[in-house]
Amino acid sequence: MADGKDAAADADIQTIVQPRVESKTPKDNLDPLEVVQATASDPAPRREPQASLSHSEKMEEKEVERHSTDKPQRSAVQSHSQQGSLSPHEKTEERRTECQSTDLRRHNAVQINSIPGAYFIQGLVGRTNSISDGFDYESSDEGMRADIELTRCSNNQGEPVAVPIEDDCVPSQFATPITSSTSRTKNKFCVYYSLVLYVFLVIGVFVIGSLCASGLGTFGDTSEVEMGTPDSSEQIQTLRTLLERDLGDGYFEQSESTSASSPQNRALHWILNDHPLEMDSSGNIMDGSLLQRFIVALFYFATTEEEPWLVCNPPQGGESDSCQYDSYPESTGIKPHLTTRWLTKNSECLWAGLLCKNGELVEIRLKANRLNGKIPTELVMLTSLEQIDFLKNKLHGSIPVGLYQLQNLERLALENNMLTGTLHLSFFKSNIQRLSLQYNPISGTIPTEVGYFQGRNLWIKRTQISGSIPSELFSLTKLRQLTLDGTKVFGSLPTEIGNMSNLIVLSWKDGLASGTIPSELGRLENLVELGLSNNPGLRGTIPEEAFTGLRNLSFVVLNSCNFSGTLSTNFGDLHRLNYLDIANNAFTGSIPVEMSTLSNLQHICVNGNQLTGDFPGSVCQSMVSKSREVVADCALDKATNVVAMPCECCTQCCEPSSGHCSPQSGNVLRSLRRIKSTMPT
């Protein structure tokens with residue numbers, strides 16, 4: 001059976017290596033690898049009649065002869081291997097013989113012996129000891145594609161033989177490098193291409209890592225004007241350490257400071273990019289304004305919570321650093337002036353609304369500039385502050401308690417905002433002289449500690465403060481202005497009010513005041529304005545002494561209460577009286593003639609009372625100003641058909657029964673006189 005199998009194998013070999021005569025075609029000039037591919041793709045080459053043999057065909061015949069002579073030797077080797085162990089040389093010869101014989105039987109050999117340095121095709125599994133330059137080969141027997149490798153073998157006579165090689169048949173010493181110039185060019189191109197890709201990959205990783213480390217990897221955020229150049233974490237940590245010397249350890253670890261979008265962090269990055277850190281050899285910062293500059297930058301970011309300020313925002317899009325801003329009250333006569341925008345590289349002392357003395361911030365005046373957000377607590381670190389003016393803005397939240405503890409702070413104007421909270425006890429023990437909290441939804445009560453207040457102004461009107469008015473409030477001898485308008489504070493004016501000798505303004509309009517006006521009111525010789533209108537709980541007659549000593553009184557507003565009795569002749573002693581409104585009460589009698597001496601009187605409203613008689617002509621003559629306003633019940637009462645108080649100089653006449661008032665002209669006055677003269681007595 002073995003001989004039969006060998007005979008069949010020899011027949012296969014004879015068929016495979018049958019000599020052929022090839023016509024000379026352009027294929028002869030092809031590249032060696034192209035010849036390999038062309039030969040491999042022809043599973044059944046056409047056989048020509050034998051003629052003169054080519055060199056390749058002669059080599060095939062020799063290969064057949066070699067296999068014929070090798071057969072007995074192979075059988076002997078096999079027999080010897082079965083009997084016992086083989087020497088290393090014998091093992092090598094046996095393995096080599098098996099590879100060549102087996103491959104010739106299982107595959108169609110590729111005839112490329114005539115190609116110098118050519119490589120032979122090996123399919124199936126690649127080996128680590130063979131060269132790695134391969135290509136896809138389509139088997140002529142099975143139509144399969146496999147990654148193949150090329151190697152070169154020789155027969156016993158040292159002549160090159162074309163044989164397909166199976167797994168690990170050929171030792172590494174039989175492999176020879178590719179000598180094709182085309183393959184070397186391709187290899188060089190692949191190497192160069194790989195190097196270029198590697199360089200670009202390294203650069204890309206480096207750039208992305210740098211962006212992530214600098215915190216600029218967040219796309220689409222263009223609202224932060226403080227972002228200039230990338231900041232290193234080491235620089236940020238250094239700046240934090242410097243600032244925490246004054247702000248306290250762990251300041252930047254607090255919950256409100258950890259967010260990247262917090263005013264604290266935004267100010268930190270802006271400071272780092274804009275403010276050079278000049279330090280001495282001991283590590284101390286040489287510029288003492290670092291903390292101050294950080295806090296005012298933080299203030300800007302904290303008060304632009306929803307929208308920018310109205311004017312003097314940081315320059316954008318090539319804008320100039322200059323802007324026009326009016327930071328002073330109209331009473332000062334200072335007109336809007338040219339100043340510097342915020343968050344510029346100029347000194348913060350030059351920014352709009354800021355005033356410094358010896359480099360330290362003493363005033364912040366930003367009224368009516370659309371500030372929106374919360375007042376940052378860091379302002380309490382600016383210990384030199386003397387005035388804060390944030391009136392008519394959109395600030396919300398509570399007032400930082402620490403502001404009351406600033407020893408140099410004299411004026412805190414926060415009116416017309418949306419601030420909440422209560423009147424903290426520490427405020428009344430502060431050095432603040434003028435506090436304006438009016439027109440804010442501040443709630444709570446006025447504590448008895450108000451008696452400690454040493455300030456001059458206390459403006460809390462139009463708030464939600466409620467409760468009983470403490471008597472200690474009227475013991476504030478230094479207080480100059482007290483406004484409680486529109487609050488829910490209730491109570492009466494005590495006799496202790498006479499001790500407030502420095503009081504200039506007493507205003508408790510639209511409230512819950514009750515009782516009567518004490519005669520001690522006449523001791524307030526510095527009083528300029530008395531406003532108690534729209535308090536239905538106030539009643540009774542006004543004592544003669546109440547207006548005796550009020551020689552500086554200019555504004556008296558007592559309308560819409562329940563006062564009664566006659567008007568005191570002492571009104572004639574109020575020579576500075578400019579505005580008198582006692583409408584809608586229950587006064588009786590007539591207007592005192594003594595009021596004709598009031599040369600400064602420009603506005604008088606006496607309508608809605610039970611006054612009778614003509615409006616004194618002498619009073620009309622004393623009111624020489626063209627802007628005068630006189631309102632009385634000088635219209636015909638349709639209910640009684642009577643004119644209660646004929647008036648020649650009234651600008652408006654009201655009907656007593658309906659309370660309706662209308663502008664009055666001279667022709668109407670004359671008509672009223674005629675009607676009155678025809679009426680029966």
Side-chain angles (χ1 to χ4, degrees), residues 469 474 484-485 489-495 497-498 506-524 527 529-550 553-574 577 579-596 598 601 603-616 619 629-635 637 639-640 642-647 650 652-661:
I469 189 167
F474 299 99
L484 302 171
D485 305 356
V489 176
F490 59 87
S492 59
L493 296 175
T495 57
I497 196 172
L506 174 59
S507 185
W508 193 358
K509 305 173 186 175
D510 306 320
L512 300 175
S514 59
T516 60
I517 294 180
S519 58
E520 286 79 5
L521 184 69
R523 294 163 55 182
L524 305 180
L527 191 64
E529 180 180 342
L530 176 63
L532 298 173
S533 60
N534 286 305
N535 278 288
L538 289 176
R539 60 188 185 279
T541 60
I542 299 177
E544 291 282 340
E545 298 83 4
F547 293 97
T548 302
L550 305 181
L553 194 61
S554 297
F555 299 90
V556 177
V557 184
L558 302 176
N559 64 291
S560 302
C561 295
N562 279 313
F563 293 120
S564 58
T566 60
L567 297 177
S568 173
T569 58
N570 290 335
F571 273 106
D573 296 331
L574 306 177
L577 190 63
Y579 191 104
L580 176 62
D581 187 354
I582 57 173
N584 300 316
N585 279 284
F587 290 112
T588 58
S590 61
I591 296 177
V593 179
E594 288 80 1
M595 294 180 62
S596 60
L598 304 179
L601 190 62
H603 182 105
I604 179 171
C605 294
V606 294
N607 58 293
N609 285 283
Q610 301 175 19
L611 297 172
T612 59
D614 290 355
F615 192 90
V619 176
E629 183 178 7
V630 181
V631 183
D633 293 332
C634 53
D637 193 344
T640 61
V642 174
V643 177
M645 181 176 288
C647 180
C650 286
Q652 292 193 58
C653 283
C654 304
E655 184 181 352
S657 58
S658 65
H660 175 70
C661 301

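Atom CD1 of I604 and atom CE of M595 lie 4.0 Å apart (nearest 0.5 Å). Separation of atoms OG (S554) and CG (L577) is listed at 7.0 Å; rounding is to 0.5 Å. Rounded to the nearest 0.5 Å, atoms OG1 (T548) and CZ (R523) are 13.0 Å apart. Atoms CD1 and OG, from I497 and S492 in turn, are 10.0 Å apart once rounded to the nearest 0.5 Å.
Taking the side chain as every heavy atom from C-beta outward, L567 and I542 never approach each other to under 4.5 Å. Put simply, the side chain of L574 reaches to within 4.5 Å of the side chain of L550, judged on heavy atoms. Contact of the V619 side chain with the L598 side chain is not registered, since no non-hydrogen atoms from C-beta on lie closer than 4.5 Å. By the 4.5 Å heavy-atom criterion applied to side chains, V630 and C647 are counted as neighbours. Between L538 and F563, some side-chain heavy-atom pair lies under the 4.5 Å cut-off. For the pair F547 and D573, the minimum side-chain heavy-atom distance is 4.5 Å or more. Within the 4.5 Å cutoff, the side chain of L527 has heavy atoms near those of the L506 side chain. The closest side-chain heavy-atom distance from I469 to F474 is below 4.5 Å.
No donor-acceptor distance shorter than 3.5 angstrom exists from the side chain of N585 to the backbone of G608, with no hydrogens or angles considered. Side chain of D633 to backbone of E655: no donor-acceptor contact under 3.5 angstrom is found. Under the 3.5 Å distance criterion, the side-chain polar atoms of D637 are matched with a main-chain donor or acceptor of A639. With hydrogens and angles disregarded, no donor-acceptor distance shorter than 3.5 Å links the side chain of N607 to the backbone of A583.
By the side-chain hydrogen bond (donor to acceptor under 3.5 Å, both in side chains) test, N534 pairs with D510, sequence neighbours left out.
Listed here is the closest heavy atom pair of F615 and V606: CE1-CG2, 4.5 Å. The heavy-atom pair separating D581 from C605 by the smallest distance is OD1-CB, 3.5 Å. Between G537 and R539, the closest heavy-atom pair is O-NH1, 3.3 Å. Heavy-atom minimum distance, N609 versus N584: ND2-N, 3.9 Å. The heavy-atom pair separating G498 from L524 by the smallest distance is O-CD2, 4.1 Å. Residue P592 comes nearest to S568 through the heavy atom pair CG-O, 3.9 Å, listed as atom of the first residue, atom of the second, then distance.
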key: Residues M645, L611; criterion side chain to side chain contact (heavy atoms under 4.5 Å, CB included); working and verdict   = CA-CA 8 Å; M645 181 176 288; L611 297 172; 3.6 Å; yes
inquiry  = Assess the residue pair L493 and E520 against the criterion (side chain to side chain contact (heavy atoms under 4.5 Å, CB included)); give the C-alpha distance rounded to whole Å, side-chain angles, the decisive distance to 0.1 Å, and a yes or no.
reply    = CA-CA 10 Å; L493 296 175; E520 286 79 5; over 6 Å; no
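The aromatic rings of F555 and Y579 sit tilted, their planes meeting at an angle between 30° and 60°.
For the side chain to side chain contact (heavy atoms under 4.5 Å, CB included) with L532, the qualifying choice from I517, V556, V557, N559 is I517, the only one to do so.
Of the N and O atoms on the side chains of Q610 and T588, not one donor lies less than 3.5 Å from an acceptor on the other residue.
The SG atoms of C653 and C650 sit 2.5 Å or more apart. When the SG-SG distance for C634 and C654 is compared with the 2.5 Å cut-off, it comes out at or above that value.
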